[in-house]
Amino acid sequence: MHRTTRSIPLFLSVSTLALGLSASAINAQDFELGTIVVTPNRTPTELSKVGSTVEVVEKKEIEEQSLPLVIDYLTLLPGINLSPQGGMGKNTTMIMRGARGQYVKTLYNGIDISDVSAPTPQASFAHLMAGEVDRIEVLKGSQGMLYGSDAIAGVVNISTLGGVQMGVTHSVFGEAGSNKTFRGGYALDAGFERGQFGFSLSGVKTDGFSAAAAGTEDDGYRNVTGTINGRFDASEDLSFFANGLFINGRTEYDDAYPAPLYQLGDSDAYSTYHHYAGRVGADFKLFDGRLSNTVSAQISDISRKEYSSYPGTYDGRRVKLDYLGSLEVSPMLTVNFGADWERNHAETSAGIDKSVSMGGGWVEAVATPVDPLTVTLGLRHDEHSTYGGYTTWRATGSYRFEATGTRLHSSVGTGFRAPSLYELYAPFYGNADLEPETSVSFDVGVEQSFLDGRLTADLTYFMLNIDDFIGYDPVTYQNIQTEGTIRTRGVEASMAYAVTDWFDLAGSYTYTKATRPDGTREVRIPRHDIALSAVVRPAEKWEIAATGKIALDTVDGGELDDYFLLNAKVAYKPTENTELYLRAENILDQDYQVVRGYNTQGFSVFAGFKAKFAP
């Protein structure tokens, strides 16, 4: 999990489907390029030419670790913190560069999966399983120009269908271990002369442990997740695609406060989560392939029910239409442009039954005036049905000194977060006069390659300001625009080293200083965050993988204990397509909290298998 620049073949991944690109724009080539990313410009771009900071988690890394959740991999990336309230499936706080989850746009195969019925819409990371995932791209910094509302801190783009080979492949996996945990899944990938198809189904069930640190009864979780992806090439210049997602989850948690009132205790509370989403579209090319176009439509429907001290039902639906174009003006200049429209509706037992709509258009120039230099400049305008319009922009630059293997990269941009349906229309609390929260971000860094590219290091400084923060007035009981600025400042340092052909080492360090509008320190963000990973292949059929996370100087209603979380996995591969493994989490049995009053998992062991076969 690092900012990699190692050379890989350019292939058609579902990231391109997710962001609506034409298949012909990225057909497999006989030559090799550097790592290709899609999220920074919504078109395939070599990572070495991207000015923004981008992290990539590959399928290979997910298979090496075999951890169950997407958050298990995100938390190892520099500048990312995840704080679950008591274990698997529990409410999880996502923080990127000191900004919380409502400031992060999250896409799953191109579908915006934030919950519009929540007080501050954001993705439910607690329910995202890693077994189906092929690739994760994380784009940092304010990205309002490309992605519209919510992308103030950045974008997380998750895809499930990668480079599918010709023919049909079946995959299965299973695992069992501590806390009576069982998980397993099946996937089918098929590649044909004129298209590809993928289907996956997985599930997990665990008795868990007490979510409340002071509790004694277990709080379990179960989840069933399915994905489906397909593409059909009607001709060289016309393709159709479709993908779908469903998640059904049930989470037990604690919400009781027995005496003393500040101490969380056991309860019988639980919640259900149902998410159904789909996206369909077409790619087509014009003017001898110089103009690539994508049109798509998507729907995402999330239904939640709370059975607790504060029971309630919450239903949110997003419908979105999107157009993306990319015109190659010359070998040195590409112009990307697009337009989108969405309608959000929420219906809750708290009395909300409202809709809002928003549409926008954008244009971006990607120029390479000289080969080592790539610059981008873009502008976007959005119109919202309640507050009117807002304009965002972004500029990036990347310059590489070939002689020394040094690359300078920088980006500056703006973003906004439209007020949620809850903030606008909740009984007693809503305020229909709210304006969007706004942001400006900046980062600058230097990347250096050593040892013929086997060692790559990066050092980046970042800053983010968020203004017009939507808060709460205790006198009027209304949501209001508050004075003051959310400020985050920090440094991200990362390193990836292919020591030998059998030993890979990576690590990162992040320093973050984040303050609220009133100047107090933001909670649940370690001042110092260190992540380490290593993979060793000591013999032909053996592989050992380990990850470590160190969190220092964290506050949440007082100081939290520092901790060192160590996970490891030993795998034996009888054949190229089969694997038996044993993995352990929290090997040092650290007793720590990431959210005050909530438990974390102690030392745990799991055994599993994986297999692929073709009929």
Side-chain angles (χ1 to χ4, degrees), residues 1 18 39 55 57 62 65 67-140 147 150-160 183 202 204 206 208 211 221-225 227 245-251 253 271-275 277 300 302-304 314 316 318 417 523-525 529 531 549 565 585 594-595 598 600-601:
M1 288 68 67
T39 317
E55 314 289 349
V57 180
I62 295 173
Q65 305 297 339
L67 295 166
L69 303 171
V70 167
I71 62 174
D72 293 326
Y73 301 91
L74 291 176
T75 194
L76 295 172
L77 299 177
I80 307 294
N81 300 104
L82 283 302
S83 302
Q85 295 179 354
M88 184 181 294
K90 309 304 184 287
N91 185 47
T92 299
T93 302
M94 161 71 164
I95 299 174
M96 180 184 294
R97 285 185 169 177
R100 293 183 172 272
Q102 64 263 35
Y103 303 118
V104 178
K105 173 82 77 176
T106 303
L107 305 175
Y108 196 103
N109 289 339
I111 303 168
D112 187 334
I113 59 171
S114 63
D115 182 359
V116 300
S117 70
T120 53
Q122 54 193 289
S124 298
F125 280 96
H127 300 291
L128 299 182
M129 300 291 108
E132 293 78 19
V133 174
D134 178 79
R135 183 180 175 92
I136 305 171
E137 293 183 9
V138 178
L139 173 63
K140 299 176 183 176
Y147 293 96
D150 303 340
I152 279 180
V155 177
V156 176
N157 180 28
I158 303 167
S159 57
T160 62
R183 68 186 183 104
S202 67
V204 63
T206 180
Y221 176 65
R222 62 174 182 256
N223 175 300
V224 176
T225 295
T227 67
L245 165 72
F246 77 84
I247 303 173
N248 288 338
R250 184 184 187 278
T251 305
Y253 61 96
S271 65
T272 60
Y273 178 89
H274 305 285
H275 190 176
S300 176
I302 297 176
S303 171
R304 296 179 291 119
Y314 308 87
R318 172 185 291 104
R417 185 184 76 86
V523 301
R524 304 175 190 173
I525 305 172
D529 192 323
K549 183 177 176 68
L565 184 63
E585 297 184 22
V594 292
V595 180
Y598 290 91
T600 53
Q601 182 164 279

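For clarity, every value in this text was computed on a predicted model and none was experimentally measured.
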Search all heavy atoms of [X] against all heavy atoms of [Y] and return the closest pair with its distance.
X	Y	answer
Lys90	Ala211	CE-CB, 4.3 Å
Pro68	Met88	CG-CE, 3.9 Å
Thr251	Gly89	OG1-O, 3.1 Å
Asp72	Thr75	O-CG2, 3.5 Å
Tyr147	Val155	CD1-CG2, 3.7 Å
Tyr314	Ser117	CB-OG, 3.6 Å

- Query: So is Arg304 actually on top of Tyr273's ring, under 6.0 Å and inside 45° of the axis?
  - Reply: no

Report yes or no: do [X] and [Y] form a side-chain donor-acceptor pair below 3.5 Å?
X	Y	result
Asn109	Thr160	yes
Asp529	Asn81	yes
Ser300	Arg318	no
Gln85	Ser83	no
His275	Ser124	no

Does any non-hydrogen side-chain atom of [Y] lie less than 4.5 Å from one of [X]?
X	Y	result
Gln122	Asp115	no
Glu137	Glu55	no
Arg100	Met94	no
Leu67	Glu585	yes
Met129	Asn223	yes
Thr225	Leu245	yes
Thr106	Phe125	yes
Lys105	Leu107	yes

- Item | Residues Met96, Tyr103; criterion side chain to side chain contact (heavy atoms under 4.5 Å, CB included); working and verdict | CA-CA 8 Å; Met96 180 184 294; Tyr103 303 118; over 6 Å; no

Atom pair [atom1] ([X]) and [atom2] ([Y]), whose distance is rounded to the nearest 0.5 Å:
X	Y	atom1	atom2	result
Arg524	Thr93	CZ	OG1	4.5 Å
Asn157	Tyr108	CG	OH	11.5 Å
Ser202	Arg183	OG	CZ	8.5 Å

Applying side-chain contact (heavy atoms from CB on, under 4.5 Å) between [X] and each of [options], report the one that passes.
X	options	result
Ile71	Ile80, Leu82, Leu76	Leu82
Val57	Ile136, Val70, Val138	Ile136
Leu128	Val133, Leu69, Ile247	Ile247

- Task: Assert yes or no for the condition that the ring centre distance of His127 to Tyr221 is strictly below 6.0 Å.
- Result: yes

- Task: Please say whether more than 12 non-hydrogen atoms of neighbouring residues, nucleotides or ligands are located less than 6.0 Å from CZ in Arg222.
- Result: no

- Apply side chain to side chain contact (heavy atoms under 4.5 Å, CB included) to Ile152 and Gln102, showing your working. CA-CA 9 Å; Ile152 279 180; Gln102 64 263 35; over 6 Å; no

